[in-house]
Structures are given as structure tokens and as C-alpha cells.
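If you read the sequence from its start, that first residue is 1, and numbering goes on from there.
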Amino acid sequence: MSDHGPDCVRALDSLYLFIDRELDEASWDEIHAHIADCEPCLTAFDLERMVKNLVARSCTESAPAPLRDRVLTSIRTVRVEISEHTYTEHSWTESGFSSADPEPPRD
């Protein structure tokens, strides 16, 4: 059992990859063996796995319809404001820049 040695550092640095099985097989096996023999790393693994599972369960719920509607309305409002601001700043007329532009481009 190591106590915050290089094996612990490697195991803890790769914990999320280990939990998600995103490591190559040899690395996964090595970290698995270390965690099985190291109480502090096993505790960290169990905690991170529980948090990950809790977050995953929480993310499956949908927001209530009124909240969803308010968020979508806010997003649309911001988009319109940005579009109007961009259009006003960069508006063109058939003959070139509009009168809203401070100075026409120079050749």
C-alpha cells in the first residue's frame, strides 16, 4: 500500500479516465490494482464515482415548463438585441454605408 506516492498521484490524476474506462487496458489494469490495494485511493475513487452517479441522475430530470419557457425567452431576447445591435453598427444602404456610420470607408 502506498501513501501518496507516485502510484497514488498517477491513480488520482487518472481517476476520471479510469471511472469512464477511457484508459488503455494496461493502464486501467494498473490503476485498478493500485486502487484495490490503497485505502486512500479507494476512498477517493468511491467518492468520485458516487458524485458522478449523482450528477448523472440529476441531469436526467427536465426543468419545469415555466422555467424552460423563461430561459428560452431570455435567450431569444438576447439574440434579438445582439442582432439589432450588429445590424445597426454594420448597416449598408444601396450606395454604401448608412448615415449611422461615422465615416465612410476610404479607398
*asked:* Please determine whether residues L12 and L17 belong to a single hydrophobic cluster, defined as Ile, Leu, Val, Met, Phe, Trp and Tyr linked transitively by side-chain heavy-atom distances below 4.5 Å.
replied: yes
*Does the pair S27 and S14 meet the rule for a side-chain contact (heavy atoms from CB on, under 4.5 Å), with working shown?*
CA-CA 9 Å; S27 295; S14 302; over 6 Å; no
_Summary of ring pair (Phe, Tyr, Trp, His ring centres under 6.0 Å) pairs that have at least one residue in residues 37-82, sequence neighbours excluded_ = F18-F45
*Out of curiosity, R21 CZ to H32 NE2, how far, rounded to the nearest 0.5 Å?*
8.0 Å
*salt bridge (Lys or Arg N to Asp or Glu O under 4.0 Å) partners of residues 62-77, not counting sequence neighbours, each pair once*: none
*Taking only residues two or more places apart in sequence or in another chain, which ones pass salt bridge (charged side-chain N to carboxylate O under 4.0 Å, His left out) with R10?*
E30
*Listed by chain and number, what are the salt bridge (charged side-chain N to carboxylate O under 4.0 Å, His left out) partners of D20, not counting sequence neighbours?*
K52
*Rounded to the nearest 0.5 Å, what separation is found between the OG atom of S62 and the CG atom of L67?*
11.0 Å
*Quick one: salt bridge (charged side-chain N to carboxylate O under 4.0 Å, His left out) partners of R49, sequence neighbours excluded?*
D46
*If we only count heavy atoms from C-beta on, is the T43 to E39 side-chain gap below 4.5 Å?*
yes
*Begin from the C-alpha positions of D29 and L23 and carry the test side-chain contact (heavy atoms from CB on, under 4.5 Å) through to its verdict.*
CA-CA 9 Å; D29 289 342; L23 295 170; over 6 Å; no
_Non-hydrogen side-chain atoms of D37 and L42 separated by less than 4.5 Å_ = no
_All side chain to side chain contact (heavy atoms under 4.5 Å, CB included) counterparts of V55, not counting sequence neighbours_ = V51, C59
